[in-house]
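Each remark here refers to the structure printed beneath this line.
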Amino acid sequence: MASHSSSPVPHPSSGGSEGIFRKDRDPSSRQYRPVHSLPDVCPKEPTGEATRGLCEGPSVVADQHRWTVYNSKVNLPAALNDPRLAKRESDFFTKSWGLDFAETEVMPSFYLPNITKEHFGPYLQETAQREKIHERCKNICPNKDELDTVSSITNNHDKSRTELEQVPKIFMKPDFALDDPATFNAVLPWSHFNSAGRKSSRDMASSRLLQEKLSHYLDVVEVSIARQISLRSEAFFHAMSSQHELQDHLTETARAVAVLRGRTAAIERIMCEGPLRALRQALTRSNCARLHNKLKLMAAVHQSQPTVQLLLSTSEFVGALELIATTKEVLQQELQGIHSFRHLGSQLCEMEKLIDKMMVEDFSMYSRSDLSRSLEDDGQVMEKWSLFSQMQYKRSVSIKDRLESLVFGLLRQRKLDFLDIYSDEMILAAKSIVTQSVVDSVSQIEEIDTDIVTKLADQMRLMTFPQWFELLKSVFENFILFLKRIKATLSVVRNVVLEALDSNQKSRLLERAAAGGLAEAPGTPLNQGEAELAYLTHEGLFISDALNDAQLHLGAGGGQEQSSTVGPRQALSRLDGCGSDSASGTTESSSSREHAFQPGGSAGISSSEDMMPSDLELGRVANNIQELLYTASDVSHDRCVKVLMARAKDGSLERLSSAEFVFLSQAVEGFVRDTEELCCRRSVSLRGALQSQANRFVHRFHEERKTKLSLLLDNERWKQAEVPAEFQDLVNSIADGRITLPERKPQGTEERKPSDYLHIDGQKYAVVGTVLLLIRIFLEYCQCVNDIPSISTDMLTRLSDLLKHFNSRSCQLVLGAGALQVVGLKTITTKNLALASRCLQLVVHYIPVIRAHFETKLTPKQYSVLRHFDHITKDYSDHIAEISAKLVSIMDSMFEKVLSKYEVKAPMPSACFRNVCKQMAKMHEALYELLPEEQAQMLFLRINASLKIHLKRQLARLGVHHDGGPQHGLVTVDVAFYTENVQSLRTLEKLDLNMAEIWEQKR
């Protein structure tokens, strides 16, 4: 009888009357039927060794009648309870079958219903009442047999307990062991025996008694064990009989299963083997095609390194980087795990690093060669390139394309600091421009020995101003060409960056459009054949490839659809195929770069997008390009400042004439204006240096003219000077609105005679020579402001100081009589005073003109400095008033002295009035040709008023009244004589003297 247990089932012996079951001892009497596991409905993909193993493996249906590996059985409890292990292994299942073994949930059977408590509800309701009655009856009247059994068991239990209590407790201990000396001595008390070894009758009796006692204990225990076995014998034999029935049922079941397996094997052989073989062969063919494609792809990848080296030999950095990126993508997606390519990824990374270094070195070399080549070649590089490209000048076009390729490669590798390299080279080139310009200029000057004077700054200081100025202009011109070249190069770089930005934006738009299209397209379910193929190959390596092949074989236009979608494999094949074209010498960097820029139709565009910087980074690079152009402008200005300061170190620029400094200022302003137009940046370093030198120049300019004016004033004798024709022309040009110094006329022109007066706006000004030079001096100030507008405020304050100095010094010399000691005049005459007043009036006349001129050069915020002219006008007016008062005071003191001796007596006119008229005539003679008619009349009116005051005071002292008496008549004769003499003077004919006031009494 067949059995599935690990041990044979016991059979009843021939002497069945005893009812004892015995195990079979003859192994040949057993018949084993092979035990098989469930069939594997999902065979693995028959590729390689797996195919041979699948074909040669035992089948649970065909090989069910012979022993296979499926008959190998292990007793699971025995395996888990291995006595050789110190403790049970907790990872018995997981270490062999994975961590998911213990956590995997057994799926419920689809054929068994889910049994819940509600299914037993009707049955429990039917039997609930009967169960209650049955339980109540059991409690009321127990079974007689059970009572007898319980009583007998109780009696036997009490009897066995009494007998067992006779056995010493030491035998009942769980740690009872005779090898323990204490236990052994307690069980066998050897003290009762003779220690000398002699046997006595007493010892023999004791040992016999001990033996009988132990035998009695053994009998008691055996009887107790037999009693316990007899009590449980019925249950034991019942279990054995149930096992026998179970073996019979299992035998029938095994027989039915064997029949079913035979039928299943026939069905498999007739209906399944052929179709499955066809499916396996189709899958094998598909796998072979994929293997062929993989091998071709591996061959293309294998050629990637030589192709990259070929591209690098022609400076095709962009193509090489694209090929490396595509190859790495293929290695990660299509050829992942290929043992022969395990080092190719690291090799490609090293080549990528090498390309990074090569691009950085090439860009540095390009920057150095472009910035260091002669500036005389061409100033605007881009225009030359454009011209050469129209002429199909291949070499120049390749230079531009090489630069674009370099920039794009650097951007793709995120080497965004390449502009720092260009900046460093730019600074070095700027230094070399200055050095070369100085060397070229010094080489043309024989007076400078370069062996003795080695420093460039010292050589520049040894030059004359015209030589140094020509050097400075040469430096300016070279830097303008230098900035144009930098701007052209940066324009190329900016175009590449903007092209990359535009490409990123187009890529995002296409991605959004593609995402919208995918969201609208509904998913297509697999048909029945695709579902079966996916089921049969769910453990295979190329399930997606099998589905794609099925679609290609099913669709009529599969080839065209496949060609429309370009993956990394096709991209690698294309790039690999283009390697030979690159090797032939025709480098298409710009076209390949444009191809890489195209978002829709380029291979490997996803990896290129991942490598390209973000819009924010590209925007930052574009800003850095503009900042680099600003830096170029600042560097150019800084180097020019070095040239300027090297010349100004010993004060050479401070000693320039105004014309020379104006030339310098105009040259600097022109250079600043050109760089500002070129770079769109207002650099302040050169302007600041020029302003600093201008301040020093203004200080020296002012001090020279102030010193010159002081010397003129100290040597001025305050006599009327002749006015040369050039000064008359000068004031005429001022009247015409030209506040500038006139150009010097050639010497061959006709000389004109000087005039006695300076004619301005219909008035005649009698002036001294110092004032004529003062007019020219303040015109020089105005001319400097015209030429150097930045020094307007400083020049205004210096001019104000000059005018104040003239006013104060002339006051000291004339009114203060300083000219007596300085020049050696005997006295300060009224003519000197009138001449000084007229000179001051001339300066006051020109102060509004100067103010208006400076106002045009100032900003509205600087108008506050114009108040200096108001203060100066007030000071000059006060000075003129003081001179007029001085003239009146001279006549007043004379009147007081003469009229204090006046006596009313004949003859008439009196000597006193004759003397007064004589002094008035002298005063008129001194002032007539100097002061205008109005001022002369006002002055004589004030003198006449002084005369009337003193005459009236004297008449009052003499007691002469307006009473018509003799004395009144005599005074009237003198007054008439005075009036006739004064009104006989020129310009005083109509002067109203009002001499009647001398008779008015005070009220």
Side-chain angles (χ1 to χ4, degrees), residues 367-381 421-445 447-490 628-653 656 660 663-676 678-679 681 683-693:
S367 303
R368 190 179 303 112
S369 59
D370 182 59
L371 295 174
S372 301
R373 61 193 174 95
S374 176
L375 295 171
E376 298 176 356
D377 294 345
D378 57 284
Q380 299 187 7
V381 181
I421 300 173
Y422 195 83
S423 178
D424 297 338
E425 296 295 337
M426 178 182 68
I427 294 173
L428 295 176
K431 293 180 180 179
S432 64
I433 286 175
V434 175
T435 303
Q436 188 62 37
S437 299
V438 174
V439 170
D440 293 342
S441 297
V442 170
S443 63
Q444 299 175 3
I445 302 174
E447 292 80 5
I448 301 177
D449 190 357
T450 56
D451 296 333
I452 300 175
V453 184
T454 57
K455 294 184 178 180
L456 297 179
D458 296 336
Q459 294 174 0
M460 285 189 284
R461 282 191 287 272
L462 292 177
M463 296 179 181
T464 62
F465 176 77
Q467 294 171 345
W468 178 82
F469 188 66
E470 289 298 325
L471 167 64
L472 184 63
K473 290 196 294 184
S474 174
V475 171
F476 286 164
E477 293 174 359
N478 290 338
F479 272 119
I480 292 297
L481 297 176
F482 178 69
L483 291 175
K484 288 180 180 179
R485 180 172 297 173
I486 291 176
K487 186 175 182 180
T489 301
L490 294 181
L628 185 58
L629 186 59
Y630 295 160
T631 304
S633 176
D634 294 342
V635 168
S636 301
H637 281 247
D638 292 341
R639 302 317 301 179
C640 293
V641 168
K642 295 287 186 182
V643 177
L644 194 66
M645 299 310 294
R647 178 71 179 183
K649 188 175 182 180
D650 59 350
S652 300
L653 297 182
L656 294 178
E660 290 175 340
F663 291 151
L664 175 61
S665 176
Q666 290 175 348
V668 171
E669 288 294 333
F671 176 71
V672 171
R673 185 171 54 254
D674 293 341
T675 55
E676 191 172 334
L678 189 62
C679 302
R681 179 179 179 85
S683 299
V684 297
S685 59
L686 186 56
R687 270 201 177 103
L690 180 63
Q691 183 65 38
S692 175
Q693 295 302 317

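Heads up: numbering here begins at 1 and tracks the sequence.
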Quiz item: When rounded to the nearest 0.5 angstrom, what distance separates CG in N478 from CD1 in I433?
Solution: 6.0 Å
Exercise. Take atom CZ of F465 as the centre, draw a 6.0 Å sphere, and report whether it contains more than 12 heavy atoms from other residues, nucleotides or ligands.
Key: yes
Quiz item: Under 3.5 Å, side chain of T489 to main-chain N/O of R485, donor-acceptor pair present?
Solution: yes
Self-check item: Any side-chain heavy-atom pair of L471 and Q467 under 4.5 Å
Solution: no
Practice problem: Please name the pair of heavy atoms, one in F476 and one in A667, separated by the smallest distance, quoted to 0.1 Å. | Solution: CE1-O, 3.7 Å
Quiz item: If you measure from the Lys or Arg side-chain nitrogens to the Asp or Glu carboxylate oxygens, is any gap between E470 and K473 under 4.0 Å?
Solution: yes
Exercise. Kindly give the heavy-atom pair with the smallest separation between Y422 and I486, and that separation in Å.
Key: OH-CA, 3.7 Å
Exercise. Any chance you could measure S423, atom OG, to L428, atom CG, to the nearest 0.5 Å?
Key: 9.5 Å
Practice problem: Can you see which heavy atom on S636 is nearest to which on F482, and at what distance? | Solution: OG-CD2, 4.1 Å
Quiz item: Is the distance between the ring centroids of F479 and H637 less than 6.0 Å?
Solution: no
Quiz item: Under 4.5 Å between any side-chain heavy atoms of S683 and V672, yes or no?
Solution: no
Quiz item: Which heavy atom in L483 sits nearest to a heavy atom in S633, and how many Å separate them?
Solution: CD2-N, 3.9 Å
Quiz item: So, do R639 and V475 sit near enough that their side-chain heavy atoms are less than 4.5 Å apart?
Solution: no
Quiz item: Would you say the side-chain atoms of S692 pair up with the backbone N or O of G688, donor to acceptor, closer than 3.5 Å?
Solution: no
Quiz item: If we only count heavy atoms from C-beta on, is the L678 to K487 side-chain gap below 4.5 Å?
Solution: yes
Exercise. Locate the shortest heavy-atom distance separating V641 from L686; write the atom from each residue and the value.
Key: CG2-CA, 3.5 Å
Exercise. Apply side-chain contact (heavy atoms from CB on, under 4.5 Å) to L472 and R647, showing your working.
Key: CA-CA 10 Å; L472 184 63; R647 178 71 179 183; over 6 Å; no
Self-check item: Residue pair Q693 / L664, side-chain heavy-atom distance below 4.5 Å
Solution: no
Quiz item: Can you tell me how far SG of C640 sits from CE of M645, rounded to the nearest 0.5 angstrom?
Solution: 13.5 Å
Quiz prompt | Identified side chain to side chain donor-acceptor pair (under 3.5 Å) partner of R681 from the options T675, T631, D634 | solution = D634
Quiz item: Which is it for W468 and L644 under the side-chain contact (heavy atoms from CB on, under 4.5 Å) test, yes or no, and what are the steps along the way?
Solution: CA-CA 10 Å; W468 178 82; L644 194 66; 3.6 Å; yes
